[in-house]
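Just the heavy atoms: all of them, side chains too, but no hydrogens, waters or symmetry mates, feed the values below. Ligands are counted one by one from 1 in listed order, and the atoms in each one are counted from 1 as well. Starting from 1, each residue takes its place in the sequence as its number.
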Amino acid sequence: MSTERKWNFSPGPAVLPAEPLKKAQVALMDFNSTGIGILETSHRSKEFLGVMEQTKGRLKKLLNVPDTHEILFCQGGANLQFSMIPMNLMGEKKTADYVDTGTWSTRAIKAAELEGTANVKASSEDKKYTYLPNLNEVSWSEDAAYVHMTSNNTIYGTQYRTFPDTGEKPLICDMSSDILSHRFDVSKFGLIYAGAQKNMGPAGVTVVIIRKDLAEKSPATLPPMLRYKQYVEKDSAYNTPPTFAIYMVGLVLEWAEEKGGLEAIEKENEAKAKLLYSTMDEASDFFRGTVAKDDRSYMNVTMRLPSEDLEKKFLTEAAQKNLMGLKGHRSVGGIRVSMYNAMSLQGIEALVEFMKAFRKNA
Ligand SMILES: *Cc1c(COP(=O)(O)O)cnc(C)c1O
């Protein structure tokens, strides 16, 4: 490589750990000493079927996925799930409950409204999505087929790390930007989905973990590529799956295992969040967090500086220190630090050191 790797705080596609990338580099030319590259390997080959099985197995083990649930690999990103979920699961009454915590959940609601009725039962729109509604107080609609929420709000920087008890109603969660970042109980969910490009691998594959009895409900009238049942029956290979993306996810999961699994990863993420948020709070007149403290995300940290000029200067000087991808989303502005699993504590230490120096000189 001609240049050293920089600290990449991009919201997604995001930084990947070095070890999987190095393994992939070799596999591009020659996968597992087959004399054929991974990109050139048939999805029906024994080698690739092995990759699928291993990747699924690793996910199952890391997330402790019970036998009641199936792991699927889809395409079309989390955005296609916004439509597939209502198409498959809204049932005869064509009604579901939604929580609106900004941008992605708003999109999920809009997509659901094309299929039926999406009741917004809780929302933080009144305060520009700077906090999380308490979901334990919500009474869900009687005729709702499921409850949909987003765990980590990538753009606003809020995160639910605990989940409501929705009783008999299947809880469905978009975990695109925090899956594998901490431990949680998969058995409590009807369906979990996540685009890989934040915490699991490259863009191109979406992991769906669905309760088997729910997948059975897919209407037979849906296009085959949009039916969960089809993915279950064909082991996510009705058509050619995104082989390379699945392979990369497998390598990232292997790396996660070697780190010590979710318990170790959760600890490191807590340490990273603690360091960054305490640095902000010690200078809260300068680094102004944009969301309610109790609802802060451990994955995407959002802040404003005293002026837009200072924010511009911050981004320019950060880049000179090899701290990249820190610009906030246009709907929030300011600075956003995305620190998924592959961002090490050292990366946050480098950032915090820069923040302190920047403030001193401002
Ligand atoms: C990035 C993101 C999405 C969009 O994912 P695509 O794979 O681009 O469709 C959806 N939800 C959340 C929470 C995200 O962070």
(request) Report the residues that fulfil ring pair (Phe, Tyr, Trp, His ring centres under 6.0 Å) with Phe31, sequence neighbours left out, ordered by chain and then residue number. (result) Tyr247
(message) Once rounded to the nearest 0.5 Å, what's the spacing between atom CD of Gln54 and atom CG of Leu59?
(response) 12.0 Å
(request) Anything under 30° is parallel, anything over 60° is perpendicular, the rest tilted; go ahead and classify Phe82 against Trp104. (result) tilted
(request) Identify, chain by chain and in numerical order, each protein residue with a heavy atom under 4.0 Å from an atom of ligand 1. (result) Gly77, Ala78, Asn79, Phe82, Trp104, Thr150, Asn152, Thr154, Asp174, Ser176, Ser177, Gln197, Lys198
(message) Quick check on side chain to side chain contact (heavy atoms under 4.5 Å, CB included): which of Gln81, His148, Met149 does Ile172 satisfy it with?
(response) His148
(message) Assess whether a salt bridge exists between Lys56 and Glu70, defined as any Lys/Arg side-chain N lying under 4.0 Å from an Asp/Glu carboxylate O.
(response) yes
(request) State whether a side-chain donor-acceptor pair under 3.5 Å links Asn341 with Asn269. (result) yes
